[in-house]
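Labels below follow one simple rule: chain letters A, B, ... track the order of the sequence lines, proteins then strands, and each chain is numbered from 1.
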Amino acid sequence: MKSNADSFYSLVYQITSQVPAGRVTTYGRIAALAGSPRASRAVGYALSALKEENLQQIPWQRVINAQGRISGKGDLLRADLQKKLLEKEGIVFDENDVVNLALYLWP
DNA sequence: ATCGTGACGAACG
DNA sequence: CCGTTCGCCACGA
């Protein structure tokens with residue numbers, strides 16, 4: 001059986017909320033957990049729809065791409081904020097602003 | 001139902 | 001490192 005009131009968006013938010021501090025996950029990973037391993041684009045689309053209210057309750061900053069890098073397309077301010085928030089949680093970036101997913105990837 | 005769009009992913013050069 | 005190309009999926013008009 002499938003979820004009823006939970007759209008793909010809600011599912012993405014639910015999963016994102018489960019990511020603990022000090023860890024990160026990728027769009028593709030969330031898509032897989034949501035039941036669609038190839039819906040990575042849809043995941044990013046869902047997070048882009050987040051409003052200020054949601055930003056307070058959802059750790060969107062812990063979601064990065066499979067290359068361990070921040071996307072924040074069209075909004076570099078948001079990308080800079082994301083990096084700061086992650087570093088604050090203990091995440092370390094290398095000289096190229098890339099995170100070692102082998103160390104922080106969740107689940 | 002069809003089309004355009006997008007915080008993606010992997011493969012190539 | 002960068003840019004390009006193709007494929008995948010969900011959503012709104």
Mind checking salt bridge (charged side-chain N to carboxylate O under 4.0 Å, His left out) for A:Glu89 and listing every partner two or more places apart, or none if nothing turns up?
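Testing A:Glu89 for salt bridge (charged side-chain N to carboxylate O under 4.0 Å, His left out), a comparison that skips the adjacent residues, returns A:Arg62.
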
Can you pull out every salt bridge (Lys or Arg N to Asp or Glu O under 4.0 Å) where at least one residue sits in residues 64-73 of chain A? Sequence neighbours excluded, please.
none

Show which side-chain atoms of residues 11-22 of chain A pair as donor or acceptor with protein atoms under 3.5 Å away, not counting sequence neighbours.
from	atom 1	to	atom 2	distance (Å)
A:Tyr13	OH	A:Ala46	O	2.8
A:Thr16	OG1	A:Val12	O	2.7
A:Ser17	OG	A:Tyr13	O	2.7
A:Gln18	NE2	A:Gln14	O	3.2

Do A:Trp60 and A:Ile70 share a hydrophobic cluster, counting only Ile, Leu, Val, Met, Phe, Trp and Tyr and linking them when any side-chain heavy atoms are less than 4.5 Å apart?
no

Membership question, hydrophobic clusters at under 4.5 Å side-chain separation (ILVMFWY): are A:Ile30 and A:Leu55 in the same one?
yes

Separation of the P atoms in B:dC12 and C:dC8, to the nearest angstrom:
16 Å

Using a heavy-atom cut-off of 4.0 Å across all strands, would you classify A:Asp75 as base, sugar-phosphate, or nothing?
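Nothing: the residue A:Asp75, judged by heavy atoms under 4.0 Å, touches no strand.
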
Taking side chain to side chain donor-acceptor pair (under 3.5 Å) as the cut-off, I'd like each qualifying pair that reaches into residues 30-43 of chain A, sequence neighbours left out, listed once.
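For residues 30-43 of chain A, and leaving out neighbouring residues, there are no side chain to side chain donor-acceptor pair (under 3.5 Å) pairs at all.
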
Side-chain donor-acceptor distances from residues 90-107 of chain A under 3.5 Å, at least two apart:
from	atom 1	to	atom 2	distance (Å)
A:Asp94	OD1	A:Asn96	N	2.8
A:Asp94	OD1	A:Asp97	N	3.1
A:Asp94	OD1	A:Val98	N	2.8
A:Asp97	OD1	A:Lys83	NZ	2.6
A:Asn100	OD1	A:Ala102	N	2.9
A:Tyr104	OH	A:Val92	N	3.4

When every non-hydrogen atom of A:Gly72 is compared with those of A:Ala79, the smallest separation belongs to CA-CB, 4.3 Å

Which atom names give the shortest non-hydrogen contact between A:Ala39 and A:Phe8, and what distance separates them?
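That would be CB-CZ, 3.7 Å.
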
Here the residues of residues 99-107 of chain A within 4.0 Å heavy-atom distance, strictly under, of DNA chain B are none

Tell me every residue that passes side chain to side chain contact (heavy atoms under 4.5 Å, CB included) with A:Gln57, counting only those two or more places apart in sequence or in another chain.
A:Glu53, A:Asn54

Contact interval (first through last nucleotide) of DNA chain C with protein chain A, 4.0 Å heavy-atom
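Contact span on the strand: C:dC1 to C:dC11.
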
Mark up nucleotides 3-9 of chain B, 5' to 3', with B wherever a protein heavy atom is under 4.0 angstrom from a base atom, S wherever such an atom reaches only the sugar-phosphate, and - elsewhere.
---BBBS

